[in-house]
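Numbered from 1 within each chain, the chains take letters A, B, ... in sequence-line order. All values derive from a computational prediction rather than experimental measurement.
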Number of protein chains: 2
Amino acid sequence: MYESHQYLRQFSIKPSVQRSAVMNFLLKNRIHPTIDEIYLALSPSMPTLSKTTVYNTLDLFVERGAVRALAIDERNARYDVDVSAHAHFMCRSCGTVHDIFGLKTQMFQIPETTKLNIDAVEISYFGKCEKCSGN
Amino acid sequence: MYESHQYLRQFSIKPSVQRSAVMNFLLKNRIHPTIDEIYLALSPSMPTLSKTTVYNTLDLFVERGAVRALAIDERNARYDVDVSAHAHFMCRSCGTVHDIFGLKTQMFQIPETTKLNIDAVEISYFGKCEKCSGN
DNA sequence: TCTTGTATTTGTAACAATTACAAAGATACA
DNA sequence: TGTATCTTTGTAATTGTTACAAATACAAGA
């Protein structure tokens, strides 16, 4: 928990019990969780935690650049503490989101368009994961 | 309208008044519209049109490969009749979605991962469009 | 043309994710 | 200790989507 405390400060986020718990969960569970997954994982040990707090907290994390919000899942927002350049894969069957590392850095470069002011890239793959490939 | 009729048949979609109207709208308005935009655009001339029909119709179009559903917009599903390999840009300010053509075809190739059964790629850029760059 | 079975459309209600907002609680510092 | 500010909480409202059953349209055979 102490680590998450420090981690938050790196992004000038004032730590609180809730914020540290959320960041800690993200750092230890690299599963690109949804708000609900985070809430359900933390609420047993923090019974007074509110889902609104989880929403607020992640908004703040994203705003400060500590976390990336993924658009890959149309149903729910998903969050990734790894803000480095990498892609994602989502299984159409079970909905899990996997990291795809090792793509050429070139692919994450921003195309030169004079008109648009691009600040982020997201590369997403869809299909079936190993487990679900039988279905 | 006749064109959309023919167009639908190419994807073995049995045409109906509603389906042709929706496809016609998509072909003539390459703005990656949301369900609501389609519904609002068509309902004046088709007062009995139901939003459920728009949902059903687009589900069918996507299923038959006539249209691509985009994940770029977390708020609403967006649909694109251009199913060729190209990327998209969404303005964080006004929410419009632009096409990004001219990327290397290599970028749309599916990475060789033994485990995953990938069937689609989506490359999305985010930022501010020309109009909103002042804000 | 009528009948009958099937496909499509419609409207409403249910559901789920997110946002708005005001009250309660915690924190920092004079 | 008091006060101002920040954070959290819970509830209600909003919004996009889905489920479902009734109504309508369509197609093919009698």
### Query
So, is Thr53(B) near the phosphate of dT10(C), with a side-chain N or O under 4.0 Å from OP1 or OP2?
yes
### Arg75(B) side chain near dT19(C) phosphate (N/O to OP1/OP2, under 4.0 Å)
yes
### Query
Between dG16(D), dT10(C), dT18(C), which nucleotide gets closest to the side-chain atoms of Asn76(B)?
dG16(D)
### Message
Looking at Arg19(B), I'd like to know whether one of its side-chain N or O atoms comes within less than 4.0 Å of OP1 or OP2 on dT9(C).
### Response
yes
### Task
Just call it for Lys51(A): base, sugar-phosphate, or nothing, with non-hydrogen atoms closer than 4.0 Å on any strand.
nothing
### Query
Between the side-chain atoms of Thr48(B) and the base atoms of dT9(C), is any donor-acceptor pair under 3.5 Å?
no
### Summary
Ranking dC20(D), dT18(C), dA20(C) by distance to the side chain of Ile35(A), first place goes to dT18(C)
### Message
Regarding Lys28(A) and Glu3(A), does a basic nitrogen lie under 4.0 Å from an acidic carboxylate oxygen?
### Response
yes
### Query
Leu49(A) has an atom CG; how far is it from atom P of dG25(C), in whole Å?
17 Å
### Task
Can you tell me the distance, in whole Å, between the CZ atom of Phe61(A) and the C1' atom of dT7(D)?
13 Å
### Task
Using a strict 4.0 Å threshold on nitrogen-to-oxygen distance, state whether Asp80(A) and Arg30(A) make a salt bridge.
no
#### Entry: Flag if over 12 foreign heavy atoms under 6.0 Å of CD, Gln10(B)
yes
### Query
Base, sugar-phosphate, or nothing for Thr52(B), non-hydrogen atoms under 4.0 angstrom?
base
## Note on the structure
Of dA7(C), dT18(C), dT9(C), the nucleotide closest to the side chain of Lys14(B) is dA7(C)
### Query
In terms of ring plane angle, is the pair Phe11(B) and Tyr7(B) parallel, tilted or perpendicular, where the classes change at 30° and 60°?
tilted
### Query
Between Ile13(B) (CD1) and dT8(C) (P), how many Å, whole number?
11 Å
### Task
Scan Asp36(B) against the nucleic acid and name what it touches under 4.0 Å (heavy atoms): base, sugar-phosphate only, or nothing.
nothing
### Task
Take the protein atom CG of Asp73(A) and the nucleotide atom C1' of dT18(C), then report the distance between them rounded to whole Å.
14 Å
### Task
Tell me whether the OP1 or OP2 atom of dT9(D) has a side-chain N or O from Gln18(A) closer than 4.0 Å.
yes
### Task
Report the distance from atom CG of Leu40(A) to atom P of dA16(C), rounded to the nearest whole Å.
13 Å
### Query
Tell me: OH of Tyr55(A) to P of dG10(D), nearest whole Å?
16 Å
### Message
Could you check whether Lys128(A) pairs with Asp119(B) (Lys NZ or Arg NE/NH1/NH2 to Asp/Glu carboxylate O, under 4.0 Å)?
### Response
no
### Task
Would you mind reading off the distance between Asn56(A) atom CG and dA26(C) atom P, rounded to a whole angstrom?
17 Å
### Query
For Ser16(A) and dT8(D), is the shortest distance between a side-chain N/O and OP1 or OP2 below 4.0 Å?
yes
#### Entry: Separation of dG16(D) C1' from Arg78(B) CZ (nearest whole Å)
13 Å
